[in-house]
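Computed from a predicted model, the values in this text were never measured in an experiment. Naming convention: chains lettered A, B, ... in sequence-line order (proteins, then strands); numbering from 1 in each chain.
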Number of protein chains: 2
Amino acid sequence: MMTVRQDVHSAGIPVLCQSCEARHRGVCGALDPDQLVGLAKTSSRHKIEPGVELIGDAETVDSYSNVLSGVVKLTKSLSDGRQQIVGLQFAPDFLGRPFKAESAINAEAATNVSLCSFPKTAIERMMKESPELEHRLLRQTLNELDEAREWMVTLGRKTASEKVASFLLMIARNIDPTADPAARSATFDLPLTRADIADFLGLTIETVSRQLTRLRTENVIRIDNNRHVTVDSLARLEQRSGA
Amino acid sequence: MMTVRQDVHSAGIPVLCQSCEARHRGVCGALDPDQLVGLAKTSSRHKIEPGVELIGDAETVDSYSNVLSGVVKLTKSLSDGRQQIVGLQFAPDFLGRPFKAESAINAEAATNVSLCSFPKTAIERMMKESPELEHRLLRQTLNELDEAREWMVTLGRKTASEKVASFLLMIARNIDPTADPAARSATFDLPLTRADIADFLGLTIETVSRQLTRLRTENVIRIDNNRHVTVDSLARLEQRSGA
DNA sequence: CCGATGCCTTGATTTCGGTCAAAGCCCCCA
DNA sequence: TGGGGGCTTTGACCGAAATCAAGGCATCGG
């Protein structure tokens with residue numbers, strides 16, 4: 001895989017989705033050099049501001065993307081405006097719903113996001129040619145399904161304070177640069193506002209705020225600037241996450 | 001696809017997973033006749049009683065199955081016993097988690113279930129040979145992901161009465177034999193006990209019972225024998241499901 | 001420097017759903 | 001026929017989280 005990327009690089013083609021290989025979840029590593037070159041011609045990089053909508057509900061989607069950096073939130077809404085975040089995509093996740101013209105969900109940049117996008121048709125053609133690409137996609141989709149089910153437990157059966165603890169743990173695992181699983185502490189910037197966290201956990205902003213305050217007063221975490229979090233003891237946070 | 005199955009049939013091989021084709025979600029239709037014959041040799045039919053555990057949490061899984069009839073519930077539990085149903089598998093869904101030795105979830109027969117099972121190795125070998133099989137699996141997994149996200153909205157943002165209405169609608173769509181989408185009424189047997197419904201919706205049995213009673217007294221549904229449900233007006237049920 | 005705006009926090013009160021407790025119903029079986 | 005067990009319903013009460021309402025605290029632009 002590494003050699004594939006280097007082949008492309010040495011051929012003078014800009015690296016496509018440089019972070020695809022990280023955590024083995026990107027899709028580009030599945031392509032052979034010829035395909036990569038072909039895809040690179042049709043792909044484009046984008047920088048996106050927080051709050052910008054990437055995929056609209058019931059809108060026709062004509063491109064797929066890899067998330068290169070930042071966090072994208074996937075949301076669904078009820079007709080009266082109640083909203084639920086149904087997934088967060090971190091680099092190097094794939095963005096888009098194959099085999100469906102319409103998306104049933106919204107995707108919106110939660111932070112500054114950079115994307116590598118390609119036309120739907122380009123990916124779909126390659127998927128026909130390259131079983132390995134479809135294989136990657138299947139693996140990522142299965143992982144996302146596991147994650148979704150994990151959150152169903154959180155949404156359905158955990159208390160507010162367990163939800164907030166679980167959320168912080170999940171973010172720490174995905175964002176903290178020093179994240180090795182055995183780490184005793186972690187530090188990171190929250191990619192979501194209190195309103196987003198509430199929409200993710202099925203709570204209100206007030207409840208999220210109160211639970212964060214509680215974790216702060218009990219010295220489990222510290223928060224600077226409303227965003228920068230230090231978890232002093234991941235173990236204590238885990239205890240509160242309901243396991 | 002139909003011809004594939006007939007080929008096998010006419011060759012004197014017992015039909016494998018006869019309902020695989022229904023709703024285009026089974027996996028066997030992806031195989032060519034030779035593969036089907038090969039798989040038929042290693043596959044076995046099972047009848048399973050309600051309550052029997054099919055896949056244990058963190059247990060090694062060495063077979064996959066297609067659900068031929070009945071309903072299988074997928075559950076996850078917290079360490080203190082709180083439980084959440086994270087999915088229901090109806091015929092002809094595929095059962096099993098490819099590419100992982102251990103399952104993170106439990107699978108248990110909710111009703112009488114009949115399965116067509118095959119060794120993990122057989123399927124995995126065929127997946128390597130047949131991109132079409134992997135393609136089917138990807139499609140089913142994407143559908144399951146869509147469903148899981150739909151339920152995340154229900155779990156996180158709907159009221160108890162909306163949850164129960166949504167549940168009844170979902171069951172009606174999956175079970176009612178007369179189910180065409182435009183139907184104004186439906187009738188079916190609940191495949192789950194009140195306790196299961198509660199675990200599915202993140203509620204308690206008492207709340208589920210009270211909400212069902214309310215729907216009954218308001219003449220939206222009728223219930224005989226605690227299981228046989230008649231929905232007099234699907235439209236009224238939809239109104240109560242939160243949209 | 002001031003006010004406006006957008007988040008976030010905190011407090012008071014309400015409410016929905018959970019908990020606890022007691023029947024009811026059904027089915028099976030002796 | 002009657003008793004027991006499992007599932008469901010119903011009622012009374014309680015409590016966790018929602019709602020309602022201020023107020024704080026940065027950042028931005030005048």
Side-chain angles (χ1 to χ4, degrees), chain A residues 49-51 73 78 80-84 108 110-111 154-168 189-218 221-229 240 242, chain B residues 49-52 73 78 80-84 108 110-112 154-168 189-218 221-229 240 242:
Chain A
E49 301 275 299
K73 50 181 186 176
L78 299 176
D80 63 1
R82 281 174 288 176
Q83 197 172 58
Q84 176 69 42
E108 184 182 322
T111 63
T154 302
L155 287 171
R157 288 301 184 203
K158 290 189 185 175
T159 64
S161 74
E162 288 169 337
K163 285 179 177 181
V164 171
S166 304
F167 171 76
L168 290 174
D189 279 359
L190 282 177
L192 302 185
T193 64
R194 303 294 187 271
D196 285 336
I197 299 172
D199 281 348
F200 192 69
L201 297 174
L203 299 172
T204 59
I205 38 178
E206 293 94 331
T207 299
V208 171
S209 178
R210 281 188 251 269
Q211 296 301 334
L212 286 174
T213 301
R214 206 166 130 240
L215 288 173
R216 223 176 328 103
T217 60
E218 293 172 359
I221 60 171
R222 274 171 291 152
I223 307 184
D224 301 321
N225 275 338
N226 280 341
R227 328 194 74 241
H228 190 72
V229 177
R240 285 155 205 259
Chain B
E49 301 275 298
V52 173
K73 51 181 184 175
L78 299 177
D80 62 1
R82 282 174 286 176
Q83 198 173 57
Q84 176 69 42
E108 184 183 321
T111 64
N112 281 306
T154 301
L155 287 170
R157 288 301 185 202
K158 289 189 184 175
T159 64
S161 75
E162 289 169 337
K163 285 180 178 182
V164 171
S166 303
F167 171 76
L168 291 174
D189 280 358
L190 282 178
L192 302 185
T193 64
R194 303 292 187 272
D196 286 336
I197 299 172
D199 281 347
F200 192 68
L201 298 174
L203 299 172
T204 60
I205 342 179
E206 293 94 329
T207 300
V208 170
S209 178
R210 281 187 250 270
Q211 296 302 333
L212 286 174
T213 302
R214 205 155 78 92
L215 288 172
R216 224 177 328 102
T217 61
E218 293 173 357
I221 60 172
R222 274 171 291 152
I223 307 183
D224 301 321
N225 276 338
N226 279 342
R227 331 195 72 241
H228 190 73
V229 176
R240 285 154 205 262

Could you tell me whether [X] contacts a base, only the sugar-phosphate backbone, or nothing, with contacts defined as non-hydrogen atoms closer than 4.0 Å?
{"X": "B:Leu212", "answer": "nothing"}
{"X": "B:Ile205", "answer": "nothing"}
{"X": "B:Arg227", "answer": "nothing"}
{"X": "A:Ser209", "answer": "base"}
{"X": "A:Arg214", "answer": "nothing"}

_OP1 or OP2 of D:dT9 versus the side-chain N and O atoms of B:Arg194: is any pair under 4.0 Å?_
yes

*For A:Ala195 and A:Arg157, take the nucleotide of DNA chain C holding the closest heavy atom to each; which residue's nucleotide lies nearer the 5' end?*
A:Ala195

Output the rounded distance in Å from [atom1] ([X]) to [atom2] ([N]).
{"X": "A:Ile197", "N": "D:dA17", "atom1": "CD1", "atom2": "C1'", "result": "17 Å"}
{"X": "A:Glu206", "N": "D:dA22", "atom1": "CD", "atom2": "P", "result": "14 Å"}
{"X": "A:Leu201", "N": "D:dA17", "atom1": "CG", "atom2": "C1'", "result": "13 Å"}
{"X": "B:Asn225", "N": "D:dT9", "atom1": "CG", "atom2": "C1'", "result": "15 Å"}
{"X": "B:Leu215", "N": "D:dT9", "atom1": "CG", "atom2": "P", "result": "12 Å"}

*asked:* Between A:Arg82 and B:Glu162, does the side-chain contact (heavy atoms from CB on, under 4.5 Å) criterion hold? Intermediate values first, please.
replied: CA-CA 13 Å; A:Arg82 281 174 288 176; B:Glu162 289 169 337; 2.8 Å; yes

*Answer yes or no: is there a side-chain heavy-atom contact under 4.5 Å between B:Asn112 and B:Glu49?*
yes

*Please list, in 5' to 3' order, the outermost nucleotides of DNA chain C lying under 4.0 Å from any heavy atom of chain B.*
C:dG17 to C:dC27

